[in-house]
Q: 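The structure that follows is given in the form of structure tokens.
We're numbering straight along the sequence, starting at 1. Each ligand, and each atom within it, is numbered from 1 in the order the structure gives.
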Amino acid sequence: MVVAGDPARALGTIVPRGRQSDAIYFSPDRDIVALGTAGTGKTTMAVLRARFLADPSCSNHGPVLLVTYNNALVRYLRHLVPGANRNIRVETYGKFARGYLNSIGKMPAWNGILQTGHLRCKVAEAVSKVQATYKPTPFFDLDTRFFVDELAWIADMGITDPQQYLDTERVGRKRGLNESRRKAVWKVRTAYLKAREADGIPYDWNDIATAVLNGLKNDTRPRKYRHVVVDEGQDLSPEAIRSLKAAVQPGGTISFFGDYHQQIYGQGLSFRSCGLEITAVELFQDNYRNTAQIARVAIAMSDMPHMTADPEDLVEPKEPSAGGTMPALVKCKNYGAEIAEIQRIALDQGGASVVGILTRTWPDTDAAVRGMRNVRKLRDDGNTPWDPAPGIYYGTYHSAKGLEFDVVLMPFCTEDDMPNKQVVDAYGEDDAATRDGKLLYVAVTRAKAELTVTYSGTITSLLPMGIGLWQLEEVS
Ligand SMILES: Nc1ncnc2c1ncn2[C@@H]1O[C@H](COP(=O)(O)OP(=O)(O)OP(=O)(O)O)[C@@H](O)[C@H]1O
Ligand SMILES: [Mg+2]
């Protein structure tokens, strides 16, 4: 959705294009899944569908929960759904889950959810504990991320007993795990949960969904929401979707909008088997955001082997007609030269355009904008109103998800960092390529009009190098 602000483009005046009406005004009595590639208007449709379902003239209207991925998007969606409409609430899943558990007296005032950094330490300790009970094996030497991720996947799937874990196909997970390794993982999970319980912390960000679902199963109070609309649904776990389904009133619905090319959490998760009553999946391919030149890079990326490894539910992007300048690929002599080049372009363009400086990690982002003034950080709390004025934003690829900028600048796209070495250690080459490839895809597709990628050394193999895709430049 637009970061650049033209108030005239408020959603009230947006007219559905192409087949968007099919999803927006789909039966208010039925669940819907709409899959579309980047820029096809999923967020636009999600907001318009929420409005449709909340409108008193709709035959099955009622309070709507509009769930999105992070606080930056919450801020953005609130900007699109002005506060006047008290029948639509915009929240992240985490906020909804905490609020619900609080309402049934199951959310401690503090320390209710184990935060990511602490979780990693706890899982590392659990791995060491279990390792001590085994003969030496390299399995336990895998990067802690692997175990963190596997435990998250178990929770995301709603798996709560070891036999179910042994029996479930690990779709989309490329590091195979035989039975004895799965048993070892289960022991790590048990040790981790025990340690967390000893600290009095009932949840983490993954297993909180099961707690919500269990709470709702035993909750006879009337449900707050008649409908739930989910944007960026590809990153919501099956267990979270099940819990949202359980949260709607009888006769209410779930509307799911997502793009599996942009799945950057929870590899291999799917909307299938989440209890949605789907009669049709609507597919969207017409890109209303990117110029043809930028879309060409994105389309070439989506065709690369690491992006098509799990083809289910991937929608093929189509090239838009709006033309523009060719994306620039700039080779710099070193890291410092990349920063200088990125800052030069940002200062040059930031007066009249919305510029996004996007990197893989926060330290990289901080380095890219060091010394710059009046730059706006993307990760922010959800309460500050959206500021749509031109200027320079900066953040990680994750934090830019769902947003859009006139100009996107992507420094540090070198082979050494992409795929990231630690990600390779944790998940293996193939999986790491898929994960970082999807992140790069998210970043590239944020650009409405101009895209510049810089690197020093060798360019990452995760970007396509086809003839005619890039304008090649060199700065010293
Ligand atoms: N019906 C429409 N009329 C005018 N503009 C539209 C329409 N639908 C989408 N757009 C514009 O196209 C751009 C992309 O829309 P949107 O952000 O909703 O796409 P998306 O599918 O959610 O993208 P992403 O996958 O990146 O989240 C935005 O600038 C939006 O305003
Ligand atoms: Mg979107």
Side-chain angles (χ1 to χ4, degrees), residues 1-25 33-52 66-70 72-77 79-81 90 92 229-236 255-265 282-292 294-295 297-299 301-302 313-318 320-322 324 353-354 356 358 378 386 388 397-408 438-449 451:
M1 289 300 308
V2 270
V3 169
D6 172 358
R9 295 183 73 193
L11 273 172
T13 61
I14 280 197
V15 178
R17 290 167 73 168
R19 291 181 33 260
Q20 289 179 341
S21 300
D22 294 354
I24 299 165
Y25 304 116
V33 168
L35 304 179
T37 56
T40 50
K42 296 178 299 297
T43 303
T44 308
M45 289 187 275
V47 172
L48 292 176
R49 178 144 180 90
R51 283 199 175 169
F52 167 64
L66 177 49
V67 178
T68 192
Y69 166 80
N70 62 20
L73 276 169
V74 167
R75 280 200 310 157
Y76 184 61
L77 289 180
H79 163 81
L80 294 173
V81 187
V90 187
T92 59
V229 178
V230 178
D231 190 25
E232 302 282 352
Q234 73 281 353
D235 279 316
L236 214 53
S255 304
F256 176 107
F257 294 85
D259 175 11
Y260 285 90
H261 276 125
Q262 298 185 64
Q263 184 171 56
I264 58 177
Y265 283 109
E282 299 285 334
L283 302 181
F284 294 90
Q285 294 178 292
D286 291 318
N287 179 340
Y288 301 115
R289 174 185 298 134
N290 314 122
T291 58
I294 292 166
V297 172
I299 291 168
M301 287 177 90
S302 71
D313 296 324
L314 289 181
V315 182
E316 206 178 312
K318 272 200 333 210
S321 51
S353 309
V354 180
L358 308 179
L378 283 174
W386 189 255
Y397 302 152
H398 282 95
S399 69
K401 196 163 202 283
L403 304 175
E404 65 188 19
F405 308 85
D406 300 317
V407 178
V408 166
K438 286 183 174 179
L439 272 177
L440 280 172
Y441 181 84
V442 167
V444 162
T445 54
R446 299 311 92 203
K448 287 169 68 179
L451 170 68

Q: Which part of T44 is near ligand 1, with near meaning a heavy atom under 4.0 Å away: side chain, backbone, both or neither?
A: both
Q: Classify the ring geometry of H261 against Y441: parallel below 30°, tilted from 30° to 60°, perpendicular beyond 60°.
A: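 Tilted.
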Q: Looking at E232, which atoms of ligand 1 are within less than 4.0 Å of one of its heavy atoms?
A: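 Checking each atom against E232, I get 27 (O).
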Q: Keeping R446 on the side-chain end and V442 on the backbone end, is there a donor-acceptor pair under 3.5 Å?
A: yes
Q: Would you give the length of the straight line joining atom CG of D259 to atom OG1 of T40, rounded to the nearest 0.5 angstrom?
A: 7.0 Å
Q: With heavy atoms under 4.0 Å as the rule, classify the contact between K401 and ligand 1 as side chain, backbone, both or neither.
A: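 It is neither; nothing of K401 touches ligand 1.
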Q: With nothing but distance in play, are any N or O atoms of V15 less than 3.5 Å from an N or O of ligand 1?
A: yes
Q: Quick check: does D259 get an N/O under 3.5 Å from an N/O on ligand 1?
A: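 Min N/O separation from ligand 1 is not below 3.5 Å for D259.
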Q: Looking at ligand 1, would M45 count as a contact under a 4.0 Å heavy-atom criterion?
A: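 False for this residue.
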Q: Does ligand 1 have any atom that is closer than 4.0 Å to a heavy atom of G36?
A: no
Q: Check for me whether T445 has a heavy atom closer than 4.0 Å to any atom of ligand 1.
A: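 For ligand 1, residue contact (heavy atoms, under 4.0 Å) with T445 is absent.
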Q: Would you say R446 touches ligand 1, if touching means a heavy atom closer than 4.0 Å?
A: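 Yes, R446 has a heavy atom closer than 4.0 Å to ligand 1.
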Q: Could you confirm whether T44 has any N/O/S atom lying under 2.8 Å from the Mg ion (ligand 2)?
A: no
Q: For T43, take its heavy atoms, then give the atoms of ligand 1 lying under 4.0 Å from any of them.
A: 18 (O), 20 (P), 22 (O), 27 (O)
Q: Is there a donor-acceptor contact under 3.5 Å from the side chain of D231 to the main chain of L66?
A: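 Checked: no pair found.
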Q: Whether the side chain of R49 engages the backbone of F256 through a donor-acceptor N/O pair (distance < 3.5 Å, no angle test) should be reported.
A: no
Q: In Å, rounded to the nearest 0.5 Å, how long is the span from OG1 of T44 to CZ of R289?
A: 8.5 Å
Q: Would you check if the side chain of K42 reaches a backbone N or O of G36 as a donor-acceptor pair within less than 3.5 Å?
A: yes
Q: Short N/O distance, under 3.5 Å, between P16 and ligand 1?
A: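 No - when backbone and side-chain N and O of P16 are compared with those of ligand 1, no distance drops under 3.5 Å.
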Q: Side chain, backbone, both or neither: which part of Q20 comes within less than 4.0 Å of ligand 1 when only heavy atoms are counted?
A: side chain
Q: Is the closest N or O pair between G41 and ligand 1 shorter than 3.5 Å?
A: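 Such a contact does occur with ligand 1.
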Q: For atom 29 (O) of ligand 1, which candidate among K42, R289, E404 holds the nearest heavy atom?
A: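 Result: the heavy atom closest to atom 29 (O) of ligand 1 is in E404.
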Q: Looking at OG1 of T445 and CD of Q262, how far apart are the two atoms once the value is rounded to the nearest 0.5 Å?
A: 4.5 Å
Q: Evaluate the side-chain proximity of M301 to L440: yes if any heavy-atom separation is below 4.5 Å, no if none is.
A: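 The answer is yes; the side chains approach within 4.5 Å.
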Q: Heavy-atom contacts with G402 under 4.0 Å: which atoms of ligand 1 show up? List them by number with element.
A: 27 (O)
Q: Write down the atom of F257, the atom of Q234, and the distance for their closest heavy-atom approach.
A: O-OE1, 4.4 Å
